Structure formats: structure tokens, C-alpha cells
Amino acid sequence: MKARPMKTPVYLDYHATTPVDPRVIERMLPYFGERFGNPASRSHRFGWEAEKAVDLARRRVAALAGATPREIVFTSGATESNNLALKGVMEACRSRGNHLVTLATEHKAVLDPTRHLERQGFRVTVLAPEPDGLVSLDRLREALAPDTVLVSVMAANNEIGVLQPVAEIGALCRERGILFHSDAAQAFGKIPLDVERDSIDLLSITAHKLYGPKGIGALYVRRRNPRVPLAAQIDGGGHEAGMRSGTLNVPAIAGFGEACAIAAVEMAGEAARLAALRDHLRARLEADIEGVRVNGSLERRLPGNLNISFEGVEADALLMTLPDLALSTGSACSSATVEPSHVLRALGVGEERARGAVRFGLGRWTTAEEVDYAAGRIGAAARNLRALRPQ
Ligand SMILES: *Cc1c(COP(=O)(O)O)cnc(C)c1O
């Protein structure tokens with residue numbers, strides 16, 4: 001794709017959300033206009049046209065996951081998908097067991113529903129990751145009990161970009177007859193995922209991290225080998241095979257499908273380009289600034305992610321002096337509170353290093369010029385802050 005001329009602020013927060021690809025917008029527009037029908041209307045052309053668009057999108061989302069279209073349930077995004085997966089499975093499997101295992105570095109959209117389940121009487125084990133952010137398969141194996149129903153481990157972390165060994169986790173769960181859910185909000189369309197190869201039973205996906213619109217996502221729910229029992233969390237009308245009722249958001253679904261079709265073609269090339277840009281960014285920061293520490297595994301990481309602490313520099317203070325860069329500190333989602341990121345704390349990094357963490361998210365329209373500009377600005381700002389520090 002042609003590079004855009006550099007504008008400020010430079011957007012380096014692609015983990016928070018992504019701009020909608022113009023090709024996706026193009027695909028959505030007719031469904032706001034002349035093709036406005038409700039896909040549940042079975043008796044006229046307006047309904048048929050809308051249904052056709054939803055069918056195509058469902059096939060495209062399924063294809064990118066290695067799933068079949070019937071296994072895709074459209075939702076409002078990954079938060080809803082995670083809620084449906086966790087609450088829906090635990091509720092439906094009450095007779096089978098009472099125990100759920102997850103990881104301390106999960107997104108709040110997993111951790112908060114597990115807390116809700118705990119209040120309802122379910123037993124939850126939250127595993128601490130290794131210092132590099134990866135789950136220990138040995139510790140996971142030890143945590144599994146005869147009454148364990150579900151393991152939920154994300155595919156890629158939204159702060160440190162660390163990629164969990166989903167295929168190994170899936171194989172372990174399959175061997176023990178335990179269901180495996182993965183939150184793939186950050187990973188889907190960025191790295192290859194395949195629900196068959198990786199033995200994934202439920203997969204949470206969202207369009208807006210994938211150059212699609214906000215407010216649309218999906219939950220993949222395995223239908224065979226094994227069929228996943230799931231209790232609906234939104235009732236009314238029986239849409240989406242009864243798993244999620246409500247009139248479908250046709251324009252958003254059409255756009256979501258287009259975003260997946262684009263990712264299927266462009267993922268490999270884009271990943272290589274972003275990894276090279278990201279490595280260049282890291283090299284420049286390390287050359288320019290003393291005391292640069294990378295948080296999380298460097299090897300097992302999303303191509304567009306970098307998470308760095310600058311020793312003795314508060315990330316919030318740093319970003320305050322950089323209005324021309326759109327970046328996040330440790331935790332964007334809970335930035336209303338002053339708590340340092342729960343992800344970095346779970347890695348065992350100290351309070352100071354957690355407060356010094358800056359998250360870089362590179363994406364489809366990030367250019368080398370932007371990366372160089374950002375590196376230069378951050379180097380200067382970090383040196384300024386250090387010079388001001390009381391000795
Ligand atoms: C963004 C994100 C979510 C939430 O997705 P929404 O579609 O915004 O609800 C959940 N999990 C992870 C890992 C995310 O990055």
C-alpha cells in the first residue's frame with residue numbers, strides 16, 4: 001500500500017485500535033444505504049441481500065481461523081466473546097466440573113468475567129507467567145484437576161505482545177478432555193492461527209484491532225470433536241443458532257469479513273515489514289538512550305509490538321512532553337486509575353520499571369519515517385527528563 005505523507009501526531013497505538021482500511025469502508029457503505037435489509041427477513045429481497053453479505057463475511061472470518069462458517073457466532077467484540085465463552089461454558093458444564101484455569105496477564109475482559117464466576121461459586125486458578133511473559137506448560141499441567149472444565153489463555157498479549165504457545169496448550173487440554181479458550185483479539189490476522197492445528201475450542205476475535213470497524217467481533221465455537229456446550233448470555237429471537245440473539249449489524253459484519261479477507265492475503269508480508277520496522281525502532285532507542293529494557297520475550301512476540309521501560313523515567317511524564325506521538329503507557333484500558341499495569345506486575349518487574357513502560361504498536365500505515373521521528377523525539381525527551389531529575 002502507498003505510504004501516506006507523515007502527519008502528527010504519529011499513531012503508534014495500533015494495539016488500542018486500528019484505523020478502518022479504506023477497502024473495508026468501501027465494502028460496508030452499501031449496507032447503510034440501499035442494501036439496508038434485515039438478514040432475518042426471509043420473505044423479500046432486502047432480507048436476502050443482507051443475508052448474502054452476512055454469509056460471505058461468516059465464510060471469510062471462518063476461513064482465517066481454519067473453522068467452518070457454522071462455528072462463527074457474531075458478537076459486539078472480544079469483550080462480549082470472552083464473556084460468552086467463559087460464562088457460557090462454565091454454566092453449560094456445571095455437571096462436569098467447577099474449575100477454570102487462566103493466566104495473570106490476560107486482558108481485563110477475561111479476568112473480570114472469571115471474577116464474576118468466582119462470586120458465583122466456581123473455582124478459578126490464575127497462573128503467574130514466567131518472567132518473559134510466557135505461560136509455563138509444567139505449571140499449567142500441575143494446575144489441571146479432575147474437575148477442570150476450561151483453560152483460557154490468550155494468543156497474544158495486548159501490552160507486551162507476547163505470543164503464548166497455543167498449540168501446546170491446546171494439545172495438553174485435548175489430551176485431558178478439557179476445553180481450551182483463547183482470546184485472540186491481538187493475534188487474529190497478525191499471526192497464523194488455526195483452530196484445528198492448535199486444538200482451540202473457543203476463540204475470541206474483534207474487528208477493530210484488524211483494520212475493521214468497532215463494535216463487531218466473533219466467537220468461534222467448536223461444533224465437533226468435541227462439540228462445545230455453551231449457554232447463551234443474550235436471549236431473544238434465537239439469532240446465531242440461539243447463542244447470541246439480536247439483529248445482526250450487517251454493515252459492520254460485511255466490513256469485518258473484508259478485513260479478514262485482506263488479512264488472509266497480506267498477513268505474511270505485513271508481519272515481515274512490521275517486524276523489521278519494530279527491530280529498527282528498538283535498535284535506535286537502544287543506541288540513543290541508556291537504560292532501555294524490553295519487557296516480555298523478544299523472540300515470541302507480535303511483529304508490530306514493542307514494550308520498553310526507560311530506567312529512571314516515568315512513562316506518563318515522558319508521554320506528557322510528546323503530544324506529537326500517540327503512544328500508550330503500561331495499561332491503556334485502566335488508565336483512569338494510576339495503578340501500574342497488571343501485566344508487567346505479573347512478570348515480576350519492579351514498580352519503577354512498570355511505571356516506566358511505554359507500549360509501541362506499529363501497524364499497516366506505519367512508515368520508516370514515522371519510526372525514526374518517534375525514536376528521535378523519545379530519545380530527546382528521555383534525556384531532558386533525566387537532566388531534570390533531582391540528584
Ligand atoms: C482489545 C482487546 C479486547 C477487547 O476487545 P473489544 O472488541 O474492544 O471488546 C480483549 N482482549 C484483548 C487481548 C484485547 O486486546
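Quick caveat: nothing in here was measured; it's all calculated off a predicted structure. All ligand and atom numbering here is 1-based and tracks the order in the structure. Positions are given from 1, in the same order as the sequence printed here.
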| message | Tell me whether Lys108 is salt-bridged to Asp112, with the criterion being a basic N under 4.0 Å from an acidic carboxylate O. | response | no

| request: Evaluate the criterion side-chain hydrogen bond (donor to acceptor under 3.5 Å, both in side chains) for residue pair Asn98 and Asp147; output intermediate values, then yes/no. | output: CA-CA 6 Å; Asn98 197 47; Asp147 66 338; 5.2 Å; no

Which ligand 1 atoms are under 4.0 Å away from a heavy-atom of [X]?
X	value
Met154	13 (C)
Gly77	7 (O)
Asn158	13 (C), 15 (O)

| message | As a check for students: among Gln186, Lys214, Lys108, His107, identify the option with a heavy atom nearest to atom 3 (C) of ligand 1. | response |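 Ranked by closest heavy atom to atom 3 (C) of ligand 1, first place is His107.
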
In the protein, which heavy atom is nearest to [atom], and how far is it?
atom	result
atom 13 (C) of ligand 1	Asp183 OD2, 3.4 Å
atom 4 (C) of ligand 1	Thr79 OG1, 3.5 Å
atom 5 (O) of ligand 1	Ala78 CB, 3.2 Å
atom 1 (C) of ligand 1	Lys209 NZ, 1.3 Å
atom 7 (O) of ligand 1	Thr206 OG1, 2.6 Å

| Between Arg222 and Val195, is there a donor-acceptor pair closer than 3.5 Å when you use the side chain of the first and the backbone of the second? |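 Yes, because the side chain of Arg222 sits within donor-acceptor range (under 3.5 Å) of the backbone of Val195.
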
| field | Passing candidate, side-chain hydrogen bond (donor to acceptor under 3.5 Å, both in side chains) with Asn305, options Arg359, Glu159, Gln186, His15 | value |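 When Arg359, Glu159, Gln186, His15 are each tested with Asn305, the side-chain hydrogen bond (donor to acceptor under 3.5 Å, both in side chains) holds only for His15.
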
| said: With salt bridge (charged side-chain N to carboxylate O under 4.0 Å, His left out) as the criterion, how do Glu370 and Lys7 come out once you've worked through the C-alpha distance, each side chain's angles and the decisive distance to 0.1 Å? | reply: CA-CA 9 Å; Glu370 288 177 332; Lys7 281 187 296 195; over 6 Å; no

| message | Taking CZ in Arg70 as the centre, count heavy atoms belonging to other residues, nucleotides or ligands within less than 6.0 Å. Is the count above 12? | response | no

| said: Please confirm whether the ring centroid of Tyr31 lies under 6.0 Å from the ring centroid of Phe36. | reply: no

| query | So is His208 close enough to ligand 1, meaning a heavy atom under 4.0 angstrom away? | reply |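 Yes, His208 has a heavy atom closer than 4.0 Å to ligand 1.
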
